[in-house]
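Both ligands and their constituent atoms are indexed starting at 1 by order of listing. These figures come from a predicted structure and were not determined experimentally.
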Amino acid sequence: MHRDLSDQHTKGEVLIVEDTPASLKLLSDLLTEAGYYVRQAPNGELALWSAQSRPPELILLDVRMPGIDGFEVCRRLKAAPELSQVPVIFLSAQHDTDDKVRGFELGAVDFIAKPFQAEEILARTDAHVKLGRAQKALAAERALLEERVAERTAELAKEVEQRRANEEFLRLASQVFEATQDAIVVTDRDGRIVATNPAFTQISGYTAEEVRGQNAGLLYAGDQDTSTFSAMVQSVVTTGHWSGEILARRKNGETYPGLLSASVVRDEQGHVINHVAVFMDITERKAEQHLIDFLSNHDALTGLPNRLLARQRFVQTLAAARREGRCVAVMCLDLDRFKSINDSYGHDMGDKALQVVSRYLSETVREGDTVTRQGGDEFQIIVDDDTQLSATIALAQKILAGLRKELMIDGQQITVTSSIGIAVSLTDGESFDELVRNADTALFRAKEIGRDNYAFFTERMDAEIRDKLAIQGQLRGAIARDEFEVHYQPQVCLRTGAMVGAEALLRWDNAVLGKVPPNRFIPLAEEYGLVNSIGEWVLESVCAQMKLWHDEGLGTIKVAVNLAAGQFANDATVPYVESTLRNFGVAAECLGLEITEGTVMGDPNKAVAALRRLKDIGVSISLDDFGTGYSSLSYLKRFPIDVLKIDKSFVDDVTTDSADAAIALSVISLAHNLNMRVIAEGVETREQVQFLTERGCDEMQGYYFSRPVNAEGFTALLRERRNLLDM
Ligand SMILES: Nc1nc2c(ncn2[C@@H]2O[C@H](COP(=O)(O)O[C@H]3[C@@H](O)[C@H](n4cnc5c(=O)[nH]c(N)nc54)O[C@@H]3COP(=O)(O)O)[C@@H](O)[C@H]2O)c(=O)[nH]1
């Protein structure tokens with residue numbers, strides 16, 4: 001407030017330091033009257049305190065004062081930064097030159113000599129107050145200027161930095177423009193090309209000069225009237241941006257898929273000044289995607305649809321079939337013994353065989369049917385059919401017949417047969433998985449009934465397979481659990497009525513399954529690789545029993561043991577038979593081996609050698625089920641067979657059916673002509689006995705004489721020594 005008063009409404013603020021009250025009053029009145037704001041200090045201490053509390057514009061300072069004199073006051077004022085600029089005028093006697101010198105040395109601006117002259121005081125005070133104010137204004141001006149210079153300098157530094165950053169950005173943008181792999185095309189607002197980058201030239205084949213000024217539409221290969229094109233243009237106009245796939249055209253006319261991102265560039269007023277299009281050639285990416293899509297839906301080896309696509313096709317086929325009251329059959333096809341092709345010819349050949357088969361299947365099915373491969377040698381065929389399934393059956397037969405023919409692969413002839421399981425919608429399931437599962441079950445059945453075959457899935461079949469699995473589970477431990485027993489069925493000489501031999505027939509009594517007949521479990525034992533151990537158990541049991549009968553004085557009885565195909569194929573069987581006879585001390589002449597035509601058909605040459613070896617040591621061979629199988633007479637000539645057995649199926653109606661009678665007669669005559677004996681099996685009636693006896697049959701077995709009985713029962717029969725014809 002005071003400062004304001006003194007600065008703006010007075011001529012100045014002056015501190016008068018004078019120890020002489022009269023002088024102090026005189027000076028104070030004079031200056032106050034002249035318009036100054038006057039402060040007074042009667043000594044040095046108060047002068048310093050007053051000046052420090054608020055700096056005056058001028059100090060009139062008496063030199064000689066008690067306590068701190070004027071010089072000391074001046075020295076301290078000049079030493080204080082906030083007071084050093086306050087002008088000091090010393091008040092001293094006229095004559096005192098030393099005081100003046102010393103005063104100026106201490107920083108005083110002037111001297112006023114005593115006694116005081118009013119005009120001088122006013123003139124010097126005015127001059128120094130004005131000078132002080134002018135200096136102050138100058139200093140403020142300079143400070144303001146310096147501040148402005150500093151501000152401007154800072155602004156300039158910022159501008160320089162901004163410019164440098166802009167230049168760096170432009171340099172970077174230019175590098176990106178030049179080096180990016182994506183084509184960049186900049187047009188004016190009317191779509192005329194103004195700039196392109198090197199990637200554009202590389203992708204389109206056009207140089208920058210060739211397209212400059214041209215409409216960017218020349219790069220577009222799609223129909224510009226399509227909704228895609230107008231949607232693109234509309235989006236760029238309204239939203240300022242569009243991105244998506246386009247069909248572009250290169251300079252050489254070739255079209256290619258491109259991924260485009262187009263944007264507008266506006267000026268500060270918002271007017272469109274340019275368009276920028278960035279695009280890339282996605283030909284390779286599309287091809288890769290196409291390949292990935294193909295591979296995820298197809299089998300890589302054959303190019304056929306895989307299970308994923310098969311499922312989709314099935315759903316489509318089933319939907320269409322349902323609409324028309326039709327049904328869909330799912331076939332599971334498996335190449336028989338495909339493993340042996342791989343093993344014999346190598347995997348490359350196996351792969352080629354699969355390719356040939358897949359081509360054949362694709363060419364054989366009708367349009368609308370689908371062939372798929374599930375891996376390995378398994379194929380599935382989805383067939384659209386009527387409810388009579390005529391097309392399905394015809395197709396299965398055609399495939400089987402076609403594959404049966406020899407395939408020529410890399411100059412090699414390969415024989416492939418197949419088995420097919422068929423499940424049908426409506427009866428066997430409605431879902432793809434269910435039908436495939438059931439068709440697989442049917443395939444199992446097709447294999448079981450002899451391969452190179454087809455089979456339909458039915459409920460009964462399903463039950464049979466479960467039954468088989470149960471037998472498989474129990475069969476493995478049957479020997480260890482002592483569940484087998486050999487029964488013996490007498491064979492009777494029709495000439496003497498004497499029991500001349502027996503057929504050993506295996507019986508299995510299982511705790512879970514009960515009594516399981518051999519024609520049920522023997523084929524499964526073959527399939528599961530158990531037939532050798534079971535066969536060995538039978539042979540050893542029979543030999544042990546024969547030895548026992550011999551030792552008990554019941555004579556030597558010839559027992560025929562059935563030999564399964566799996567046993568016969570085993571090279572170790574013949575040496576095993578020899579060693580077993582030796583071990584039990586049983587004469588080879590006491591042992592007969594029963595084989596079927598199927599037993600020896602696998603490898604006839606090997607079979608002939610094995611049978612000869614057995615015959616050489618004295619074992620006799622019976623051919624069972626004669627007439628029911630292939631009945632190759634040339635094999636019959638080659639095989640060293642001692643006995644032909646007339647199958648029960650011919651014996652059953654031999655007295656009533658002329659065809660059966662003729663067959664029985666033929667077998668008897670054939671056997672005799674080949675120097676073999678004949679045994680009729682399954683003889684149940686006196687009429688059959690009589691009929692066959694009259695026609696020269698040598699021996700018989702059947703319920704008429706005795707059912708198969710256990711060792712104990714057979715021992716009793718041996719002891720009786722009865723004429724079995726007397727019944
Ligand atoms: N590899 C082996 N096969 C064996 C063994 N044990 C038996 N089998 C074969 O199993 C098939 C069925 O045999 P099975 O149930 O024992 O039936 C035999 C007789 O019981 C039966 N038979 C005999 N007489 C009559 C009769 O008057 N009526 C009637 N309904 N059935 C009768 O016939 C079967 C004998 O057949 P076959 O062998 O063809 O002479 C059978 O094929 C056995 O071979 C074994 O240990 N190993």
Out of the candidates Gln489, Gln701, Gln491, His487, only one should pair with Glu503 under the side chain to side chain donor-acceptor pair (under 3.5 Å) rule; please name it.
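Testing Glu503 for a side chain to side chain donor-acceptor pair (under 3.5 Å) against Gln489, Gln701, Gln491, His487 leaves exactly one candidate, Gln701.
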Any non-hydrogen atom of [X] lying under 4.0 Å from ligand 1?
X      : result
Lys648 : yes
Gly682 : yes
Lys645 : yes

Where do Asn453 and Ser419 land on the side-chain hydrogen bond (donor to acceptor under 3.5 Å, both in side chains) test, with the steps shown first?
CA-CA 5 Å; Asn453 233 316; Ser419 300; over 6 Å; no
Need the ligand 1 atom indices (1-based, order shown) with element for anything under 4.0 Å from a heavy-atom of [X].
X      : result
Asp625 : 39 (O)
Pro708 : 20 (O)
Gly702 : 24 (N), 27 (O)
Ala564 : 1 (N)
Val538 : 46 (O)

Rounded to the nearest 0.5 Å, how far apart are CG of Leu636 and CZ of Arg638?
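Going from the CG atom of Leu636 to the CZ atom of Arg638 covers 12.0 Å.
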Taking everything shown except Asn675 itself, do over 12 heavy atoms lie less than 6.0 Å from its CG?
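No, the 6.0 Å shell around CG holds no more than 12 heavy atoms from other groups.
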Quick test: of every protein heavy atom, which one is nearest to [atom], and how far off is it to 0.1 Å?
atom                    : answer
atom 42 (O) of ligand 1 : Asp624 OD2, 4.9 Å
atom 32 (C) of ligand 1 : Tyr703 CE2, 3.4 Å
atom 36 (O) of ligand 1 : Glu681 OE1, 3.8 Å
atom 8 (N) of ligand 1  : Pro518 CB, 3.9 Å
atom 28 (N) of ligand 1 : Glu684 OE2, 2.6 Å
atom 11 (C) of ligand 1 : Asn519 CB, 3.8 Å

Any nitrogen or oxygen of [X], side chain or backbone, less than 3.5 Å from one on ligand 1?
X      : result
Tyr704 : no
Glu503 : yes
Gln701 : no
Leu506 : yes

Decide whether a cation-pi geometry holds between Arg695 and Phe691; the criteria are a distance under 6.0 Å from NZ or CZ to the six-membered ring centre and an angle within 45° of the ring axis.
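Yes.
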Student check: side-chain heavy atoms of Val365 and Val383 closer than 4.5 Å:
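Side-chain contact under 4.5 Å: no.
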Does Tyr345 reach the side chain of Ile414, with side-chain heavy atoms less than 4.5 Å apart?
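Side chain of Tyr345 against side chain of Ile414, heavy atoms only: contact under 4.5 Å found.
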Lys352 and Asp348 ion-paired at < 4.0 Å
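So Lys352 does not pair with Asp348 through a salt bridge.
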Between Trp549 and Tyr488, how do the two ring planes meet: parallel, tilted or perpendicular, split at 30° and 60°?
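Rings of Trp549 and Tyr488: perpendicular, as their planes differ by over 60°.
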Could you check whether the rings of Trp508 and Phe484 sit parallel, tilted or perpendicular, using 30° and 60° as the cut-offs?
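Rings of Trp508 and Phe484: tilted, as their planes differ by 30° to 60°.
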Looking at Leu614, Val619, Ile617, which one forms a side chain to side chain contact (heavy atoms under 4.5 Å, CB included) with Glu578?
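So, applying the side chain to side chain contact (heavy atoms under 4.5 Å, CB included) to Glu578 and each of Leu614, Val619, Ile617, only Ile617 qualifies.
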Which residue pairs pass the ring pair (Phe, Tyr, Trp, His ring centres under 6.0 Å) test when at least one of the two sits in residues 399-435, sequence neighbours left out?
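Listed once each, the pairs are Phe314-Phe432.
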Could you tell me whether [atom] has at least one protein heavy atom nearer than 4.0 Å?
atom                    : result
atom 21 (C) of ligand 1 : no
atom 47 (N) of ligand 1 : yes
atom 34 (C) of ligand 1 : no

Can you figure out which of Thr596, Leu505, Asn562, Val542 has its heavy atom closest to atom 2 (C) of ligand 1?
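The nearest heavy atom belongs to Asn562.
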Stepwise side-chain hydrogen bond (donor to acceptor under 3.5 Å, both in side chains) test for Asp433 and Ser431:
CA-CA 5 Å; Asp433 289 337; Ser431 77; 5.6 Å; no
Which segment of [X] sits under 4.0 Å of ligand 1 when only heavy atoms are counted:
X      : answer
Arg507 : side chain
Val683 : backbone
Gln489 : side chain

Full working for ring pair (Phe, Tyr, Trp, His ring centres under 6.0 Å) between Phe457 and Phe444:
CA-CA 10 Å; Phe457 173 82; Phe444 191 67; over 10 Å; no
